[in-house]
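Below is one structure, written out as structure tokens; comments come after it.
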Protein chains: 2
Amino acid sequence: MRMSFAETFKALSDPVRREILVLLKGAPLSAGEIGSHFDMTGATISYHLSILKKADLVWETKVKNYVYYELNTSVVEEIMLWLSDLKGDK
Amino acid sequence: MRMSFAETFKALSDPVRREILVLLKGAPLSAGEIGSHFDMTGATISYHLSILKKADLVWETKVKNYVYYELNTSVVEEIMLWLSDLKGDK
DNA sequence: AAAGTAATTAGAAAATCTTCTAAATAGGTT
DNA sequence: AACCTATTTAGAAGATTTTCTAATTACTTT
């Protein structure tokens with residue numbers, strides 16, 4: 001079930017997590033592939049992925065012993081709508 | 001001078017600060033008027049306002065011994081553009 | 001100038017977040 | 001089954017954030 005707005009904004013507030021989302025813009029990547037872009041342990045990447053997942057910003061698919069993550073653009077859209085309303089667009 | 005994207009996202013990550021922005025949607029309000037909407041001390045509200053100000057999400061105008069805060073929608077627009085790009089809109 | 005009102009700053013406590021190491025889980029391969 | 005590879009979980013350390021109380025600044029009014 002969809003998590004709160006609050007948690008989505010929190011998920012977006014960390015630079016590592018935003019960079020992960022940008023990486024996923026092109027195509028789904030495994031946790032390991034994502035991790036290789038950062039100078040951090042896999043455990044830390046896993047922690048960030050879990051927050052993105054709880055915020056529904058990404059989906060995961062398990063294939064063999066890999067876990068692939070994919071961007072969920074519909075939640076991005078929700079945040080944009082909130083911002084759009086704030087801006088005063090009718 | 002305009003603060004980093006990172007700081008703008010951080011500023012948006014707190015529910016109190018988002019509620020302040022919504023309050024300012026209608027019209028500018030003084031720090032005291034903003035504070036009266038929350039069950040928090042004026043010092044705490046002042047802290048949140050300083051973060052919104054540093055993120056350039058609000059402007060302040062001093063009138064008598066009041067400080068009025070006003071929403072700055074152009075920064076909201078910047079965040080929307082980032083999200084729009086993430087979504088994949090060309 | 002003294003007193004009052006609005007708001008901010010300083011400093012500290014409590015809560016939350018980020019990161020690590022080490023251990024555990026899960027699946028694939030020999 | 002034993003071993004290897006990918007990923008997650010647990011637990012702890014360190015950093016950052018949020019909030020408060022008390023003190024300070026700034027401007028107004030008497």
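What you see is a predicted model; the values in this text were computed from it and never measured. The chains referred to below are lettered A, B, ... by the order of the sequence lines, with proteins before strands, and numbering in each begins at 1.
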Let me check something: any side-chain donor-acceptor pairs from residues 19-27 of chain B under 3.5 Å, sequence neighbours excluded? List them with distances.
| unit_1 | atom_1 | unit_2 | atom_2 | d |
| --- | --- | --- | --- | --- |
| B:K25 | NZ | A:D85 | O | 3.4 |
| B:K25 | NZ | A:D85 | OD1 | 3.3 |
| B:K25 | NZ | A:D85 | OD2 | 3.2 |

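- In this structure, B:S50 reaches neither bases nor backbone, as no heavy-atom distance under 4.0 Å exists between it and the strands shown.
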query: Do A:S30 and A:E33 pass the side-chain hydrogen bond (donor to acceptor under 3.5 Å, both in side chains) test, and can you show the C-alpha distance, the side-chain angles, and the key distance before you say yes or no?
result: CA-CA 5 Å; A:S30 69; A:E33 288 168 326; 3.3 Å; yes
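- For DNA chain C, the contact window with chain B, defined by any atom under 4.0 Å from a protein heavy atom, covers C:dT5 to C:dT9 in 5' to 3' order.
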Sugar-phosphate or base contact per nucleotide [nucleotides 23-30 of chain D; S, B, -; heavy atom under 4.0 Å]: ----BSS-
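- Nearest heavy-atom pair across A:A31 and A:I45 is O-CG2, 4.2 Å.
- For A:E60 and D:dT8, the CD to P distance is 7 Å, given to the nearest whole Å.
- Atom CZ in B:F9 sits roughly 16 Å away from atom P in D:dT17 (whole-Å rounding).
- Within the structure, the ring pair (Phe, Tyr, Trp, His ring centres under 6.0 Å) test picks out the following pairs touching residues 7-57 of chain B (sequence neighbours left out): B:F5-B:F9, B:F9-B:W82.
- Distance CD1/B:I34 to OG/B:S46: 10.0 Å, rounded to 0.5 Å.
- Between the side chain of A:T73 and the backbone N or O of A:V76, no donor-acceptor pair lies under 3.5 Å.
- Taking atom CD1 on A:I51 and atom C1' on D:dT8, their separation rounds to 14 Å, with Å as the unit.
- Taking NZ of B:K10 as the reference point, atom CG of A:L12 lies at 11.0 Å (rounded to 0.5 Å).
- Interatomic distance, B:E60 CD to B:S50 OG, rounded to the nearest 0.5 Å: 10.0 Å.
- Side-chain contact between A:T8 and A:D56 is absent, with no heavy atoms from C-beta onward closer than 4.5 Å.
- Distance check: B:M80 CE to A:L81 CG gives 7.5 Å after rounding to the nearest 0.5 Å.
- One interatomic measurement links the two molecules: CG of B:L49 to P of D:dT19, which rounds to 12 Å at whole-angstrom precision.
- Among the protein residues, B:Y68 comes within range of no part of the nucleic acid, since none of its heavy atoms lies under 4.0 Å from any strand.
- Hydrophobic clustering of Ile, Leu, Val, Met, Phe, Trp and Tyr side chains at less than 4.5 Å, counting indirect connections, keeps B:Y68 apart from B:L57.
- We find the OG-NZ distance between A:S4 and A:K54 to be 11.5 Å, quoted to the nearest 0.5 Å.
- Within residues 15-26 of chain A, the residues having any heavy atom under 4.0 Å from DNA chain C are, by residue number, A:R17.
- Note on A:L29: it clusters hydrophobically with A:M40, by side-chain heavy-atom contacts below 4.5 Å among ILVMFWY residues.
- Ranked by how close their nearest DNA chain D nucleotide is to the 5' end, A:K10 and A:A31 are led by A:A31.
- Contacts between residues 34-48 of chain A and DNA chain D, defined by a heavy-atom separation below 4.0 Å, involve A:G42, A:A43, A:S46, listed by number.
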